[in-house]
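A quick write-up on the structure given underneath.
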Amino acid sequence: VQTCALPISTTELIFKNEINVFGGMGLENKGEMDFLMGETLFSGPLDSSGFMNISDAASCTFGRSQEGCRIGGNGMYSEGDLDVQSNAELFFLGPLSLDGGGFLNISEGANVGFGNLPEGQIHKIGGQGLESFGRVDFFPGAEIEFAGPCDIDGTGMLNVTNGAQVAFD
């Protein structure tokens with residue numbers, strides 16, 4: 001188990017552990033992070049202005065933290081599972097690209113937001129798609145392409161604000 005209680009800022013981190021836990025004051029990423037295998041839990045805040053790569057042998061769980069989780073910069077590419085737990089908040093201010101076996105699960109009471117990106121960049125929900133029992137917000141200017149399934153169930157809500165563009169392929 002790898003546990004970090006202090007913010008981390010680095011040029012490159014590669015994780016090959018079975019279990020990684022970022023609690024306490026959380027994780028600050030300004031470089032490149034590669035999660036090659038295992039499960040990673042963000043129970044503290046995450047502030048990424050770099051790039052996060054999640055392989056098909058890895059998964060990330062975003063838990064509740066006072067400050068929430070923000071992925072900006074060059075965003076995140078994932079072929080693994082992403083799980084947003086109840087009452088957690090995850091905001092993509094950089095591009096999210098789900099491919100391969102990548103899957104985004106949003107639990108009841110969770111909130112995931114997609115922001116406006118620089119010209120020529122879009123959020124792509126491919127792979128195994130998205131399933132939500134929570135709230136999903138597409139903010140003004142955000143562009144999203146669904147190349148995988150979108151399943152909103154139970155108390156889930158998909159909120160496309162004025163100025164957001166969503167395409168279902």
Side-chain angles (χ1 to χ4, degrees), residues 1-15 17-36 38-55 58-78 80-98 102-118 121-125 130-144 152 155-161 163-164:
V1 175
Q2 183 164 341
T3 303
C4 292
L6 299 173
I8 294 177
S9 176
T10 188
T11 55
E12 184 175 12
L13 283 174
I14 299 173
F15 294 92
N17 300 326
E18 288 185 35
I19 299 175
N20 301 293
V21 178
F22 297 96
M25 293 177 64
L27 175 77
E28 179 181 0
N29 172 41
K30 294 181 181 178
E32 182 173 325
M33 298 180 69
D34 292 309
F35 296 88
L36 301 181
E39 299 175 20
T40 299
L41 170 63
F42 294 98
S43 57
L46 167 64
D47 186 7
S48 177
S49 59
F51 178 70
M52 298 177 72
N53 178 50
I54 316 302
S55 81
S59 65
C60 288
T61 299
F62 301 91
R64 183 174 188 221
S65 70
Q66 284 186 312
E67 298 175 32
C69 295
R70 287 175 296 284
I71 299 174
N74 292 322
M76 174 185 279
Y77 176 83
S78 181
D81 290 342
L82 306 176
D83 185 29
V84 185
Q85 295 180 332
S86 184
N87 298 316
E89 293 184 339
L90 174 60
F91 296 101
F92 289 97
L93 305 173
L96 169 65
S97 183
L98 278 179
F103 178 68
L104 176 58
N105 176 62
I106 304 164
S107 298
E108 183 175 351
N111 188 5
V112 175
F114 294 87
N116 186 15
L117 300 174
Q121 293 184 347
I122 65 168
H123 301 284
K124 179 185 169 197
I125 311 285
L130 174 151
E131 180 176 39
S132 181
F133 291 87
R135 184 179 173 109
V136 180
D137 291 301
F138 298 122
F139 296 113
E143 292 185 45
I144 299 88
I152 309 297
T155 60
M157 177 182 174
L158 185 67
N159 178 35
V160 181
T161 61

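We use all heavy atoms of the structure for the numbers below, so side chains are in, but hydrogens, waters and symmetry mates are not.
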Give, for atom [atom1] of [X] and atom [atom2] of [Y], the distance between the pair rounded to the nearest 0.5 Å.
X: Q121; Y: E143; atom1: CD; atom2: CD; result: 10.5 Å
X: N53; Y: L36; atom1: CG; atom2: CG; result: 7.5 Å
X: R64; Y: S43; atom1: CZ; atom2: OG; result: 12.5 Å
X: I144; Y: K124; atom1: CD1; atom2: NZ; result: 14.5 Å
X: N74; Y: S97; atom1: CG; atom2: OG; result: 12.5 Å
X: L98; Y: Y77; atom1: CG; atom2: OH; result: 9.0 Å

Are any non-hydrogen side-chain atoms of [X] and [Y] less than 4.5 angstrom apart?
X: M76; Y: I54; result: yes
X: V112; Y: F92; result: yes
X: L82; Y: L96; result: yes

Over all heavy atoms of both residues, which pair between [X] and [Y] is shortest? Give the atoms and the distance, please.
X: G68; Y: S65; value: N-OG, 3.0 Å
X: P45; Y: M25; value: CG-O, 3.5 Å
X: N29; Y: G31; value: OD1-N, 3.0 Å
X: G115; Y: A142; value: O-CB, 3.5 Å

Go through the steps to decide whether T40 and F22 satisfy the test side chain to side chain contact (heavy atoms under 4.5 Å, CB included), and finish with yes or no. CA-CA 8 Å; T40 299; F22 297 96; 3.7 Å; yes

Sequence neighbours excluded, which residues qualify as side chain to side chain contact (heavy atoms under 4.5 Å, CB included) partners of L46? L27, F42, S48, M52, F62, C69, I71

Counterpart residues, side chain to side chain contact (heavy atoms under 4.5 Å, CB included), relative to A110 (two or more places apart): V84, I106

Which pairs, with at least one residue in residues 102-115 and sequence neighbours excluded, count as a side-chain hydrogen bond (donor to acceptor under 3.5 Å, both in side chains)? D83-N105

Under the ring pair (Phe, Tyr, Trp, His ring centres under 6.0 Å) rule, collect the residues that match up with F138, sequence neighbours excluded.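 In terms of ring pair (Phe, Tyr, Trp, His ring centres under 6.0 Å), with neighbours along the sequence ignored, F138 is linked to F114.
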
Residues at least two apart in sequence or cross-chain that pass side-chain hydrogen bond (donor to acceptor under 3.5 Å, both in side chains) with S132, listed by chain then number, are none

Is a side-chain donor or acceptor of S59 paired with a backbone partner of G80 at a separation under 3.5 angstrom?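 Here the side-chain-to-backbone pair does not exist.
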
Going by the rule salt bridge (charged side-chain N to carboxylate O under 4.0 Å, His left out), which residues pair with D137 if we only count those two or more places apart in sequence or in a different chain? R135

Looking at E39, I'd like to know if its CD atom is crowded, meaning that more than 12 non-hydrogen atoms belonging to other residues, nucleotides or ligands lie closer than 6.0 Å.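 Count not over threshold, so no.
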
